[in-house]
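Chain letters run A, B, ... following the sequence lines, proteins first, then strands; residues in each count from 1.
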Amino acid sequence: MRYWLMKSEPAEFSIDDLAREGQVAWFGVRNYQARNFMRDQMRVGDGVLFYHSSCPEPGIAGLAQVSTLAYPDETQFEADGKYFDPKATRENPRWFNVEVKYVRHTQLLSLGELRGHPELATLRILARGNRLSITPVDPDEWNFILKLLG
DNA sequence: GCCAACGTTGGC
DNA sequence: GCCAACGTTGGC
């Protein structure tokens with residue numbers, strides 16, 4: 001059982017959207033490291049911190065769960081879509097996604113508050129210049145954050 | 001295989 | 001809107 005933090009811009013897709021839809025494909029990831037996390041390491045049942053980025057109040061907004069193993073991201077084949085990849089083929093897909101399902105909303109645990117806890121000094125999202133949209137969360141970090149969330 | 005140029009991310 | 005940090009691309 002592993003734990004993850006997954007970023008989403010709430011203007012694009014928020015925790016409210018996830019709550020309404022229940023379970024969604026995490027399509028559109030076009031970064032190799034993030035892809036590899038989904039394809040090689042994510043398992044059904046893994047815990048997910050749902051993080052709102054690029055918004056007035058960035059921070060953890062809810063909890064989710066990995067609900068499928070990774071499979072080829074359909075949007076890479078859609079020639080008129082913004083996630084199209086001309087180098088990807090059905091025989092040799094380049095991008096993958098898992099699906100995640102809604103668990104619950106949480107209080108907003110802001111980036112500033114996360115930074116204020118020495119216990120979270122190693123949280124990847126807080127590292128300098130971090131840009132990965134999917135990062136692993138250590139069990140200690142996960143437990144500490146869940147305790148903060150009550 | 002190097003590396004400059006370019007595009008993107010994301011907090012502020 | 002700014003800008004630092006980073007990933008990707010492509011010429012050589």
Side-chain angles (χ1 to χ4, degrees), chain A residues 2-21 24-42 46-66 69-138 140-142 144-150:
Chain A
R2 289 189 165 97
Y3 305 101
W4 308 94
L5 183 146
M6 298 172 82
K7 292 182 194 172
S8 185
E9 302 188 15
E12 293 282 323
F13 190 81
S14 71
I15 187 70
D16 292 341
D17 296 318
L18 183 63
R20 191 175 54 248
E21 297 186 32
V24 300
W26 205 260
F27 62 84
V29 171
R30 294 294 180 270
N31 170 281
Y32 289 106
Q33 236 184 309
R35 177 203 68 181
N36 293 348
F37 285 141
M38 286 198 284
R39 189 191 58 187
D40 304 334
Q41 296 192 32
M42 283 194 182
D46 281 2
V48 174
L49 302 172
F50 193 102
Y51 180 92
H52 281 173
S53 67
S54 292
C55 59
E57 275 203 288
I60 295 167
L63 300 179
Q65 221 175 44
V66 175
L69 289 175
Y71 57 85
D73 178 341
E74 191 60 29
T75 62
Q76 72 194 297
F77 307 122
E78 295 170 354
D80 52 349
K82 69 189 254 199
Y83 295 115
F84 180 60
D85 184 342
K87 292 181 180 163
T89 63
R90 297 266 175 198
E91 297 70 32
N92 193 15
R94 180 181 286 199
W95 305 110
F96 292 78
N97 65 258
V98 296
E99 293 185 14
V100 301
K101 72 177 180 191
Y102 176 74
V103 174
R104 66 177 173 95
H105 278 66
T106 63
Q107 64 180 91
L108 185 88
L109 189 47
S110 72
L111 184 57
E113 182 170 356
L114 291 171
R115 286 220 168 92
H117 293 287
E119 292 88 345
L120 299 177
T122 56
L123 196 66
R124 312 293 198 287
I125 192 96
L126 303 182
R128 182 182 60 101
N130 152 77
R131 281 175 40 191
L132 263 186
S133 64
I134 299 175
T135 49
V137 174
D138 294 339
D140 286 351
E141 297 165 343
W142 173 270
F144 184 79
I145 287 169
L146 282 217
K147 208 166 54 184
L148 286 181
L149 294 172

For residues 89-106 of chain A, pull every pair meeting salt bridge (charged side-chain N to carboxylate O under 4.0 Å, His left out), keeping only residues two or more places apart or in separate chains. A/E74-A/R90, A/D85-A/R94

Chain A contact limits on DNA chain B, taken 5' to 3' with a cut-off of 4.0 angstrom to heavy atoms: B/dG7 to B/dC12

Can you name the ring-ring contact (aromatic ring centres under 6.0 Å, His included) partners of A/Y102, sequence neighbours left out? A/H105

Applying ring-ring contact (aromatic ring centres under 6.0 Å, His included), name anything that partners A/F77, two or more places apart in sequence or on another chain. none

Suppose the criterion is ring pair (Phe, Tyr, Trp, His ring centres under 6.0 Å): which pairs have a residue in residues 107-136 of chain A, not counting sequence neighbours? A/H117-A/F144

Could you list the residues that satisfy ring-ring contact (aromatic ring centres under 6.0 Å, His included) with A/Y51, not counting sequence neighbours? none

Taken in chain and number order and not counting sequence neighbours, the residues that satisfy salt bridge (charged side-chain N to carboxylate O under 4.0 Å, His left out) with A/R124 are A/D138

Does anything in residues 83-100 of chain A reach DNA chain B, meaning a heavy atom under 4.0 Å, and if so which residues? none

I need the minimum non-hydrogen distance between A/I15 and A/G62, along with the two atoms involved. CD1-CA, 3.8 Å

Mind checking whether A/F50 and A/F13 have parallel, tilted or perpendicular rings, split at 30° and 60°? tilted

Can you pull the salt bridge (charged side-chain N to carboxylate O under 4.0 Å, His left out) pairs that have at least one residue in residues 3-20 of chain A, sequence neighbours excluded? A/D17-A/R20

Quick one: label A/R30 by what it contacts on the DNA or RNA (base, sugar-phosphate, nothing), any heavy atom closer than 4.0 Å. nothing

Are more than 12 heavy atoms, taken from residues, nucleotides or ligands other than A/E57, located less than 6.0 Å from that residue's CD atom? no

For DNA chain B, which residues in residues 12-19 of chain A have a heavy atom at a distance below 4.0 Å? none

Which residues pass the side chain to side chain donor-acceptor pair (under 3.5 Å) test with A/R35, not counting sequence neighbours? none

For DNA chain C, the residues among residues 122-129 of chain A that have a non-hydrogen atom under 4.0 Å from it: A/R128, A/G129

Identify the heavy atoms of A/R2 and A/D46 that sit nearest to each other, and give their distance. N-OD1, 3.0 Å

